[in-house]
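Model, not experiment: these values are computed from the prediction.
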Amino acid sequence: NMSLPSSMAQAEPWSIDKLRAYIAIVKELFCPVLSDEAALLLETHYKACRACHSGTIPVTVRFLESLIRLSQAHARLMFRGVVELLD
């Protein structure tokens with residue numbers, strides 16, 4: 001069982017209005033670009049998924065585009081202009 005640091009354990013959840021305001025600000029201020037490392041990681045993952053013939057759902061370019069958009073969205077939420085490996 002992991003315990004949260006005391007500063008995080010006492011933090012109050014954000015209100016819906018505060019969350020909406022934060023999202024609006026980061027959408028306006030940031031248009032993250034992929035770092036070389038993040039681009040390579042996404043490309044490698046995409047190629048590995050394409051090579052895995054599970055037969056259920058084909059992996060298309062839309063899958064890669066979705067990964068990029070999700071990575072950019074996470075970078076925005078973390079208040080960064082560059083997509084890093086952690087995103």
(request) Rounded to the nearest 0.5 Å, what's the gap from CD1 on Ile23 to CZ on Arg76? Could you check? (result) 11.0 Å

(message) Taking the side chain as everything from C-beta on, heavy atoms only, tell me whether Asp87 gets closer than 4.5 Å to Glu84.
(response) yes

(message) Hydrophobic clusters here meaning ILVMFWY residues chained together by side-chain heavy-atom distances under 4.5 Å, can you tell me if Ile68 and Val61 are in one?
(response) yes

(request) Going by the side chain to side chain contact (heavy atoms under 4.5 Å, CB included) test, name the single residue among Val83, Leu40, Leu41, Val82 that passes it with Leu34. (result) Val83

(request) Look only at the side chain of Arg80 and the backbone of Ala75, and say whether a donor-acceptor pair between them is shorter than 3.5 Å. (result) no

(request) Report yes or no: does Gln72 contribute a side-chain atom to a donor-acceptor pair with the main-chain N or O of Pro32 at less than 3.5 Å? (result) yes

(request) Give every residue pair that meets the side chain to side chain donor-acceptor pair (under 3.5 Å) criterion with at least one member in residues 13-25, sequence neighbours excluded. (result) none

(message) Can you confirm whether Arg69 sits close enough to Ser66 that some side-chain heavy atom of one is under 4.5 Å from a side-chain heavy atom of the other?
(response) yes

(request) Fit a plane to each ring of Phe30 and Phe79, take the angle between them on a 0 to 90° scale, and name the class: parallel (under 30°), tilted (30 to 60°) or perpendicular (over 60°). (result) perpendicular

(request) Measure the spacing between NZ of Lys47 and OG1 of Thr44 and express it to the nearest 0.5 Å. (result) 6.5 Å

(message) Nearest 0.5 angstrom please: Leu86 CG to Ser35 OG, how far?
(response) 10.0 Å

(message) Treating Arg50 as the side-chain partner and Val59 as the backbone partner, does any N or O pair qualify as donor plus acceptor under 3.5 Å?
(response) yes

(request) Might you point out which heavy atoms bring Leu64 and Tyr46 nearest each other, and give the distance in Å? (result) CB-CD1, 3.7 Å

